[in-house]
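Worksheet: the structure to be examined is printed underneath.
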2 protein chains.
Amino acid sequence: MGTIHVLPDDQIEELLHTAIVGRIACRGDDGIGGGRPYLVPLAYGYDGTSVFAHSGPGRKLNLMRAEPRVTFEVDEATAPDRWRSVIAEGVFEEIDDPDQRLHALRALYPPPAPKPSLGPNTVVFRIRITSRSGRYEIPD
Amino acid sequence: MGTIHVLPDDQIEELLHTAIVGRIACRGDDGIGGGRPYLVPLAYGYDGTSVFAHSGPGRKLNLMRAEPRVTFEVDEATAPDRWRSVIAEGVFEEIDDPDQRLHALRALYPPPAPKPSLGPNTVVFRIRITSRSGRYEIPD
């Protein structure tokens, strides 16, 4: 058992920049799962303003196109009472412009990583972050 | 870039048993956040059937009491194209019975960890898992 505190802004930014995988939750209004939210992990990049990712066709894209307002989360934990996390509200936006796609892919795969070859059906998108908050817990 | 596969049942169970923190998403129908789902990390225990956790009063409990059908997620990642994850559907249930509370706390804090002293307002609850599926990605 520990005590939960507010994570300072600089640590919010650090966690958003360093985590490998985050999660998005969006409304699951397609009749699957009894109305539960859709929740899925996402390898992502971050440029200080938006989260960038890509995806093939499927339920995730269908749901975000129908309702672009999503919640994004990252965390890191070393024990049940020693963790930090960020929860952000954001808006899903597809990226079609070639220059913006390049920016997104560079955030996702910073050099010297090779730029990936995306399939013809792959959608590149951003989650434009509109608000964020962080928490951390340390043992008593 | 890698290829995504279906995670076998034994690895689904292993990941549910070993992860420190999972995340729950529930409907955010209280007018906060523009109708976005509520998404929050959760230190948890698992007994093969249910996820156990506890929480003080707040938005998480209010929302799950209003709509007990939640989505639960765990993952582990070592690179953007090397991860595994489990997504489960479940039902929130508060635990009041003393024997069941002890079972829940033992799943959360396995011996030899000391049993925590919970505050008078702390709610112990389970997410009874009703379905689960897993995925993993490995580099091409």
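Here is how names work: the chains are called A, B, and so on, in the same order as the sequence lines, proteins then strands, and each is numbered from 1. Because only heavy atoms are used, hydrogens play no part in the values below, and waters and symmetry mates are left out as well, while side chains stay in.
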Tell me, do A:Val40 and B:Ser85 make a side-chain contact under 4.5 Å, heavy atoms counted? no
When you group the ILVMFWY residues by side-chain heavy-atom contacts below 4.5 Å and let the links chain together, are A:Phe92 and A:Ile24 in the same group? yes
Measure B:Thr130 against the heavy atoms of chain A and call it side chain, backbone, both or neither at under 4.5 Å. side chain
Same cluster for A:Val51 and A:Leu61 if Ile/Leu/Val/Met/Phe/Trp/Tyr side chains link at under 4.5 Å? yes
A:Arg36 side chain to B:Gly90 main-chain N or O, any donor-acceptor pair under 3.5 Å? yes
Can you tell me which portion of B:Tyr109 sits under 4.5 Å from chain A's heavy atoms? Options are side chain, backbone, both or neither. side chain
For A:Leu39, is it the side chain, the backbone, both, or neither that has a heavy atom closer than 4.5 Å to a heavy atom of chain B? both
Does A:Ile127 share a hydrophobic cluster with B:Tyr38, counting links as ILVMFWY side-chain heavy atoms below 4.5 Å and allowing steps through other members? no
Treating Ile, Leu, Val, Met, Phe, Trp and Tyr as nodes and any side-chain heavy-atom pair under 4.5 angstrom as an edge, say whether A:Leu16 and A:Leu7 lie in one connected cluster. yes
Between B:Thr71 and chain A, with a heavy-atom cut-off of 4.5 Å, which part of the residue counts as in contact: side chain, backbone, both or neither? both
If I measure from the heavy atoms of chain A, does B:Ala79 come under 4.5 Å with its side chain, its backbone, both, or neither? backbone
What part of B:Asp29 gets within 4.5 angstrom of chain A, counting heavy atoms only: side chain, backbone, both, or neither? side chain
Counting heavy-atom pairs under 4.5 Å to chain A, which of B:Leu42, B:Val70, B:Val21 comes out on top? B:Val70
Applying the 4.5 Å side-chain criterion to the ILVMFWY set and letting contacts propagate, would A:Ile20 and A:Ile129 be lumped into a single cluster? no
When only pairs under 4.5 Å are counted, which of A:Ala113, A:Pro80, A:Pro41 shares the most heavy-atom pairs with chain B? A:Pro41
Crowding at CZ, A:Arg106 (>12 non-hydrogen neighbours, <6.0 Å): no
Specify which of A:Arg23, A:Glu137, A:Glu89 makes the most heavy-atom pairs with chain B at under 4.5 Å. A:Arg23
